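First up is the structure itself, then whatever we jot down about it.
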Amino acid sequence: MNKLLIVYSTWAGATHAVAKKISELLQERSFVVDIQKANSSITIEEYDGYIIGTSIHAGKTIKSFREFIKINLKQISAKPTAVFAVCANMINETENN
């Protein structure tokens with residue numbers, strides 16, 4: 001696996017910052033990494049694996065994240081895929097979080 005795609009949806013930019021940091025760490029380990037904001041026009045077939053991230057706002061993932069997964073479910077199910085979420089509320093250890 002050499003070429004990875006990081007797809008992200010962000011509310012205020014923090015998820016993009018996390019995606020960028022993940023990309024930097026992977027590039028240090030000789031991976032080729034592209035970062036794309038989630039939308040319906042991304043072509044993903046050329047990649048060996050995917051990392052998909054979203055922020056959570058008001059208890060929900062961003063619509064573009066959900067739509068990206070729905071549109072590309074067949075492709076992302078067939079290759080190694082990781083998912084991450086950014087949510088300020090998760091810092092509080094409550095039963096709901």
Side-chain angles (χ1 to χ4, degrees):
M1 180 182 335
N2 294 328
K3 191 169 184 182
L4 301 175
L5 175 63
I6 300 176
V7 177
Y8 70 93
S9 296
T10 190
W11 177 260
T15 308
H16 177 252
V18 172
K20 187 175 177 182
K21 185 62 177 180
I22 291 169
S23 173
E24 291 168 2
L25 293 170
L26 289 169
Q27 288 175 22
E28 288 174 5
R29 289 157 179 83
S30 300
F31 286 92
V32 174
V33 183
D34 291 329
I35 301 176
Q36 295 278 338
K37 191 168 185 177
N39 64 56
S40 59
S41 65
I42 297 173
T43 302
I44 69 168
E45 289 80 14
E46 67 184 271
Y47 296 94
D48 299 313
Y50 313 105
I51 300 171
I52 308 166
T54 185
S55 59
I56 297 175
H57 183 71
K60 292 186 177 184
T61 58
I62 295 179
K63 184 178 179 181
S64 61
F65 170 82
R66 296 188 306 270
E67 288 176 353
F68 174 82
I69 291 175
K70 185 177 178 180
I71 290 167
N72 296 288
L73 185 59
K74 184 176 179 180
Q75 292 92 335
I76 63 176
S77 296
K79 296 183 182 178
T81 302
V83 178
F84 70 95
V86 176
C87 179
N89 290 346
M90 297 299 285
I91 198 167
N92 299 319
E93 291 189 37
T94 66
E95 187 174 321
N96 286 340
N97 291 344

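Positions are given from 1 along the sequence. Because the structure is a prediction, the values reported are computed rather than measured. All values below were derived from every heavy atom in this structure, side-chain atoms included, with hydrogens, water molecules and symmetry-related copies excluded.
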message: Could you tell me if the side chain of Tyr50 sits less than 4.5 Å from the side chain of Val7, heavy atoms only?
response: no
Flag side-chain contact, heavy atom, 4.5 Å: Thr15 against Phe65: no
If you measure from [atom1] on [X] to [atom2] on [Y], what distance do you get to the nearest 0.5 Å?
X	Y	atom1	atom2	answer
His16	Ile35	NE2	CD1	5.5 Å
Asp34	Ile44	CG	CD1	12.5 Å
Phe68	Ile42	CZ	CD1	5.0 Å
Ile51	Leu5	CD1	CG	9.0 Å

task: Kindly write out the residues that satisfy side-chain hydrogen bond (donor to acceptor under 3.5 Å, both in side chains) with Thr10, not counting sequence neighbours, or none if the list is empty.
output: none
message: Suppose we screen for side-chain hydrogen bond (donor to acceptor under 3.5 Å, both in side chains). Which residues come up paired with Ser9, at least two apart in sequence or across chains?
response: Ser64
message: Can you list everything that forms a salt bridge (Lys or Arg N to Asp or Glu O under 4.0 Å) with Glu46? Sequence neighbours excluded, please.
response: Lys3
message: Suppose clustering is done on Ile, Leu, Val, Met, Phe, Trp and Tyr with side-chain heavy atoms closer than 4.5 Å. Which residues sit in the same group as Ile62?
response: Trp11
Do any side-chain atoms of residues 73-88 form donor-acceptor pairs under 3.5 angstrom with protein atoms, and if so which ones, sequence neighbours left out?
from: Gln75; atom 1: NE2; to: Glu45; atom 2: OE2; distance (Å): 3.0
from: Ser77; atom 1: OG; to: Leu73; atom 2: O; distance (Å): 2.7
from: Lys79; atom 1: NZ; to: Glu45; atom 2: O; distance (Å): 2.9
from: Lys79; atom 1: NZ; to: Tyr47; atom 2: O; distance (Å): 2.5
from: Thr81; atom 1: OG1; to: Ile76; atom 2: O; distance (Å): 2.8
from: Thr81; atom 1: OG1; to: Lys79; atom 2: O; distance (Å): 3.0

Counting only pairs under 3.5 Å, give me each side-chain donor-acceptor contact of residues 20-27, with atom names and distances, residues two or more places apart or in other chains.
from: Ser23; atom 1: OG; to: Gln27; atom 2: NE2; distance (Å): 2.9

